[in-house]
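Each remark here refers to the structure printed beneath this line.
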Amino acid sequence: MYSPGRPGRLEIFLMHPLAAALVGLLFLVGLTLIVYNLWRVTRQKKRVEQKLSEKEQQLRDIITSTPVVVFQLNDQGVLTVLEGKPNAAYNTPVEQLVGLPIEKVLKDYPEPLAQIRRALSGQPLHTMLRFPKLILETHLIPKFDEQGKLMKVNGVAYDVTARVRAEEEIRRREARYRSILATIEEGYYEIDLDGNFVLFNDALCRILTIDASQLASQNIRCFMTSEAEKQFKKLTAQVLENYNNVKACELQLQCEDGRVVYGEISISPIVNDEGQIIGFRGIVRDVSDRKAAEERLRQYTADLEMTKMVLEEQAQELAETIEELQQAKAKVEEATRAKSEFLANMSHEIRTPLNGIIGMTELALGTPLNAEQREYLNIVKTSSEALLTIINDILDFSKIEAGKLELDPVDFALRDLVAETMKSLAIKASQKNLELVYAVDPEVPEQLNGDPVRLRQILVNLVGNALKFTQEGEIRLEVRRLQRNKEDSEAVFLQFTVLDTGIGIPKDKQARIFEAFQQADGSMTRQFGGTGLGLSISARLVELMEGRIWVESPANPAYLAALEQQTIRCPDQKDEALPPPGSAFHFVVKLKHPVGTSHQKPNVDLTILQPHPVLIVDDNSVNRRYLQDLCRSWNVEARAASSGPEALALLPAFLQKSGQPIVLLDMQMPDMDGLAVAKQMRTSPGGERLKIILLTSAGLQVTNPEELPHLLDGFLLKPIKPSELLDAIFNVLESKVETHAAEAAAMSKAAPQKQRLNILLAEDNPVNQKLAVRLLEKMGHHVTLAGNGEQAVQLWEREFFDVVLMDVQMPVMTGFEATEAIRRLEASKGSRRRTPIIALTAHAMKGDRERCLRKGMDGYLSKPLRIQELKAVLQQYQPEGKPHPVS
């Protein structure tokens with residue numbers, strides 16, 4: 001028992017040395033054990049920490065290697081943990097995001113931020129967070145303490161961008177697929193292996209006449225006839241066995257409304273990912289209409305077969321008819337050849353005596369005759385020329401009927417052609433006291449390419465007709481250019497209009513006048529003469545020139561004005577109070593721009609004319625406009641007056657102008673004729689300065705011819721050619737003041753003396769011999785006569801001749817044979833000069849001229865011979881003329 005103040009047993013024990021040593025030993029052992037245990041615990045802790053670190057790293061590796069983001073938010077919404085790959089969404093390193101409030105992290109993404117705020121309010125969430133390039137499937141789980149206060153929010157997010165995008169693409173494709181199915185007209189179906197509908201379009205519902213809601217629960221076999229069902233089952237078995245497509249087969253379909261239609265069905269297998277067939281798809285077309293058409297076609301084919309048999313019988317009959325027609329055609333062709341030969345012979349037989357009549361008449365008119373004899377001979381000449389015109393019309397018409405009338409296009413000057421044509425008709429117009437005028441629009445080209453001979457023929461026919469049926473007033477020709485054709489830049493379309501103040505043409509007769517042998521009134525043939533072929537030939541010539549011709553009547557302005565005042569009168573009603581109705585013949589022809597420069601006129605210095613003013617005095621408005629247009633085309637100032645008094649009123653102001661004043665004065669004007677106007681102009685102050693050119697459509701008949709040199713500086717016969725007017729103005733400016741007789745005498749004196757030609761004439765007709773020899777001798781040539789072709793060849797061998805005039809039809813040896821013989825002799829003798837041989841023929845049919853040239857001849861003259869034509873041909877072989885080319 002322990003008592004205070006007295007050592008206890010422990011103390012006594014500790015006080016013992018052994019005890020002290022033992023205690024020390026025990027302390028050391030305990031301390032050692034403690035240190036050892038501490039070391040072992042520390043070592044074990046390190047191993048645990050190392051394993052935890054490895055596990056944590058493995059977890060992080062797993063998280064970072066998968067599209068998973070693990071994060072944690074504290075109760076204040078601060079991001080305390082973030083593991084994974086959020087860089088795709090934020091483009092910011094993870095370590096920079098941890099510790100940031102979620103409002104700052106998602107400040108640019110309000111929608112995801114709003115959803116996370118709901119979790120911070122304590123609501124668990126399973127949602128999709130959508131970013132521009134990323135879609136995360138997110139689970140947010142709030143954690144609370146024991147008092148229910150929010151401690152943190154744990155979150156896991158999965159990257160489902162690819163999956164969502166794929167699902168959306170599938171939905172878009174499916175919608176497009178369904179849209180395509182809805183728009184196609186054919187029915188589309190998808191069925192399972194039992195035939196139940198899985199998918200179909202509206203077109204199939206229309207074919208089967210059933211609503212889509214009802215069809216969804218149906219089987220495809222319900223819409224097939226028993227025979228079609230068997231066939232469809234057989235086809236699907238083939239598809240299951242061979243994995244092949246059935247492109248098209250025809251089945252009878254039983255529609256909901258009871259109708260049976262023919263359907264063309266295709267069958268294809270539907271295969272799953274494992275390659276197993278899980279159903280069928282295809283297209284259904286309603287071919288009922290086609291089947292009906294095929295049935296009709298079969299019936300039509302049968303009808304055709306029957307028709308074929310009938311046609312074969314008719315063909316046999318037609319073949320026999322054709323054979324008969326061919327025989328008839330041969331007879332017609334033979335008759336046509338006979339007709340052509342007859343016309344050629346008729347032309348020759350009629351032209352040969354006409355040649356003698358006209359030629360001898362012209363020779364007789366050149367001899368001294370009394371008035372009665374000259375009148376008789378003029379009647380003979382006029383009658384002969386009228387007969388020749390009739391023959392030419394008949395021959396032209398025969399060419400037209402045979403389809404052998406052709407055009408011969410060349411370059412020509414249109415204004416010269418029109419002026420020469422009108423001038424050739426001026427004498428006849430003057431005899432009837434008619435005004436004959438023409439005007440060519442300035443836009444009409446100067447040079448053109450076409451057939452001037454046939455164009456002249458049309459103009460002569462139309463103007464000649466107008467002269468024939470007009471007793472008073474005027475005949476006017478107008479030419480203008482139509483709008484150019486863009487598709488044919490080479491073409492030039494011209495419209496010619498011939499207007500008269502004649503008797504007119506009734507409306508009911510206007511369609512007939514272009515037919516052969518027709519006139520507006522049959523009685524006119526006796527009154528006015530003519531064959532009625534002129535207009536028919538003109539119409540056909542216009543057609544050859546790719547144009548058209550028509551007539552308008554009434555066309556006389558005076559008649560139309562009077563008709564307006566007498567409204568109760570009708571155009572066809574004859575009334576002496578009314579002026580003649582008149583007519584207007586129009587025709588349009590297609591010409592072309594010139595292909596060469598053979599008709600180009602020499603350059604003239606028109607600046608000489610420009611300082612000199614011109615006063616035009618004419619009562620005819622067309623003439624005034626025509627002359628004004630000519631002057632303006634030369635840049636010459638021109639004033640116009642419609643009467644003598646008006647011209648005299650303009651004279652004082654006109655004389656004030658600088659330059660040489662020129663007056664173009666018409667002879668025939670009402671109230672005051674041209675000579676009376678000229679006298680007053682001369683006696684006016686300054687009138688001696690005037691240069692007056694008188695324009696007349698008739699001969700210059702005056703009572704005091706000695707006054708003419710004092711009154712006039714020149715005169716021109718209307719219609720006036722532009723070149724004639726230009727020459728006349730140049731002449732008066734050079735002060736060449738002469739009377740018409742003096743001018744003619746001066747021209748005669750100034751004319752160059754022509755070289756005398758040695759001519760060989762081969763002609764068998766005695767009358768034609770005498771005529772031709774006399775004509776040639778009067779021209780001053782020496783003539784040697786041969787009675788046939790053989791004599792012509794013999795004479796050619798013995799003597800040199802400048803020209804040979806060779807008749808085509810001669811006995812012993814024809815003109816063609818004689819020409820060939822001469823050409824052979826030239827070739828054999830090596831003659832350097834080719835003798836010109838001119839054909840003389842009474843033939844005037846198509847191809848005669850070409851035939852003569854092919855035979856080796858150099859020219860062609862048709863009988864009756866015209867003196868001017870003969871002179872023109874011989875002029876080519878004068879020394880001063882054009883040299884003849886050597887072939």
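Keep in mind that the numbers below use all heavy atoms, side chains included, and drop hydrogens, waters and symmetry copies.
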Those residues that, when tested against [X], pass side chain to side chain donor-acceptor pair (under 3.5 Å) (two or more places apart):
| X | value |
| --- | --- |
| E472 | none |
| K778 | none |
| E543 | none |
| S684 | none |

Working to the nearest 0.5 angstrom, can you tell me the gap between [X] [atom1] and [Y] [atom2]?
| X | Y | atom1 | atom2 | answer |
| --- | --- | --- | --- | --- |
| L462 | H586 | CG | NE2 | 11.0 Å |
| K871 | L776 | NZ | CG | 11.5 Å |
| L665 | L712 | CG | CG | 8.0 Å |
| L757 | M779 | CG | CE | 10.5 Å |

**Q.** Basic-acidic side-chain contact under 4.0 Å: K590, D451
**A.** no

Q: In plain terms, say whether E443 and R480 are close enough for a salt bridge, that is, a side-chain N and a carboxylate O under 4.0 Å apart.
A: no

Tell me, do [X] and [Y] make a side-chain contact under 4.5 Å, heavy atoms counted?
| X | Y | value |
| --- | --- | --- |
| V492 | K592 | no |
| N461 | L535 | no |
| L733 | I662 | yes |
| R624 | V617 | no |

For [X], give me all partners under salt bridge (charged side-chain N to carboxylate O under 4.0 Å, His left out), at least two apart in sequence or on another chain.
| X | result |
| --- | --- |
| E646 | none |
| R476 | E474, E478 |
| D500 | none |

Q) Taking only residues two or more places apart in sequence, or in another chain, which ones meet D629 in a side-chain contact (heavy atoms from CB on, under 4.5 Å)? A) P442, R625, R632

Q: Quick one: list whatever passes side-chain contact (heavy atoms from CB on, under 4.5 Å) with P661, sequence neighbours left out.
A: F654, L655, R689, L690

Q) Looking just at side-chain N and O atoms, do S642 and D619 make a donor-acceptor pair shorter than 3.5 Å? A) no

For [X] and [Y], indicate whether the former's side chain and the latter's backbone hold a donor-acceptor pair under 3.5 Å.
| X | Y | answer |
| --- | --- | --- |
| S553 | G504 | no |
| R682 | V677 | no |
| T683 | Q680 | yes |
| N731 | D727 | yes |

Q) How would you list, by chain and number, every residue that makes a ring-ring contact (aromatic ring centres under 6.0 Å, His included) with F587, sequence neighbours excluded? A) F496

Q) With sequence neighbours left out, what residues match H612 under ring-ring contact (aromatic ring centres under 6.0 Å, His included)? A) none

Q) Can you pull the ring-ring contact (aromatic ring centres under 6.0 Å, His included) pairs that have at least one residue in residues 417-441, sequence neighbours excluded? A) Y438-Y626

